[in-house]
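Beneath this line is the structure, given in structure tokens, with notes to follow.
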Amino acid sequence: QVQLVESGGGLVQAGGSLRLSCAASGRTFSSYAMGWFRRAPGKEREFVAAIMWGGDSTYYADSVKGRFTISRDNAKNTVYLQMNSLKPEDTAVYYCAARSSFYYTSDTAAYDYWGQGTQVTVSS
């Protein structure tokens, strides 16, 4: 079992930055691929970014590429999402997720554990 707790959301103006954190319980955090997803009001949950177990390979949705950076610290059982140049369309609840595999995917259904989410609101 893995429990995930996100933090770092909030209200920010367009062009600003936020850093989300996701703290994971469990001794085998390093064996999980991790992902960030988001759900905007009235929309389906969508993939944002993912990272392999070792942190040496990452994958991004086109909508955030070049603006967001995913990273992980396996010693701290934490994954991060640095979000720069935020836009109003980035407004959503952001979720982190863990997959019982070394390898990432953008497929929501492939992730086994989910956090409760943290709200990010970008004002124009």
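Numbering of residues begins at 1 and proceeds along the displayed sequence.
When ring centroids are compared, Phe37 and Phe47 come within the 6.0 Å threshold.
Thr121 has its side chain out of reach of Val12: every pair of non-hydrogen atoms, C-beta onward, lies at least 4.5 Å apart. Between Glu6 and Trp36 there is a side-chain heavy-atom pair separated by less than 4.5 Å. Proximity of Tyr59 to Thr105: side-chain heavy atoms (C-beta onward) are nowhere separated by under 4.5 Å. Proximity of Leu4 to Met34: side-chain heavy atoms (C-beta onward) are separated by under 4.5 Å at one or more points.
Other residues, nucleotides and ligands contribute only 12 or fewer heavy atoms inside 6.0 Å of the OH atom of Tyr103. The number of heavy atoms from other shown groups lying within 6.0 Å of CD (Gln116) does not exceed 12. The neighbour count for Gln3 CD, taken as heavy atoms of other residues, nucleotides or ligands under 6.0 Å away, does not exceed 12.
Here the CG atom belonging to Asp112 is positioned 10.0 Å from the CD atom belonging to Gln1, to the nearest 0.5 angstrom. Expressed to the nearest 0.5 Å, how far CZ of Phe68 lies from OG of Ser85 amounts to 9.0 Å.
Leu20 and Leu11 fall into different hydrophobic clusters, where Ile, Leu, Val, Met, Phe, Trp and Tyr side chains are chained together by heavy-atom contacts under 4.5 Å. By the rule that hydrophobic residues join a cluster once side-chain heavy atoms approach within less than 4.5 Å of another member, Val64 and Ile51 end up as members of one cluster. The hydrophobic clustering, which links ILVMFWY residues whose side-chain heavy atoms are closer than 4.5 Å, places Trp53 and Tyr111 together.
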Verify side chain to side chain contact (heavy atoms under 4.5 Å, CB included) between Thr91 and Val120, making sure each step is shown before the conclusion. CA-CA 5 Å; Thr91 295; Val120 171; 5.9 Å; no
Would you sort out whether Ile70 and Tyr80 count as a side chain to side chain contact (heavy atoms under 4.5 Å, CB included), showing the intermediate values? CA-CA 6 Å; Ile70 187 172; Tyr80 305 97; over 6 Å; no
Give the C-alpha distance, both sets of side-chain angles, the deciding distance and a yes or no for side chain to side chain contact (heavy atoms under 4.5 Å, CB included) between Val93 and Thr118. CA-CA 5 Å; Val93 177; Thr118 185; over 6 Å; no
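Here the shortest heavy-atom pairing between Ala24 and Val2 reads CB-CG1, 4.2 Å. Ser31 and Thr28 make their closest contact through OG-O, 2.7 Å (heavy atoms, listed as atom of the first residue, atom of the second, distance).
Looking only at distances, no side-chain donor or acceptor of Ser63 sits under 3.5 Å from a matching main-chain atom of Ala61. With hydrogens and angles ignored, the 3.5 Å screen pairs no side-chain donor or acceptor of Asn77 with any backbone N or O of Ser25.
Both tests hold for Arg72 against Phe29: distance to the six-membered ring centre under 6.0 Å, angle to the ring axis within 45°. Cation-pi geometry between Arg99 and Tyr104 is not met at under 6.0 angstrom from the ring centre and within 45 degrees of the axis.
Using a cutoff of 4.0 Å between basic side-chain nitrogens and carboxylate oxygens, Asp90 and Lys87 are not scored as salt-bridged. Contact check on Arg38 versus Glu46 returns a salt bridge, with a Lys/Arg side-chain nitrogen under 4.0 Å from an Asp/Glu carboxylate oxygen.
Using cut-offs of 30° and 60° on the angle between ring planes, the pair Tyr95 and Trp114 is perpendicular. Aromatic ring orientation, Tyr113 versus Tyr32: perpendicular (interplanar angle above 60°, classes split at 30° and 60°).
Using a 3.5 Å distance cut-off with no hydrogens or angles, the side chains of Asn84 and Ser17 do pair a donor with an acceptor.
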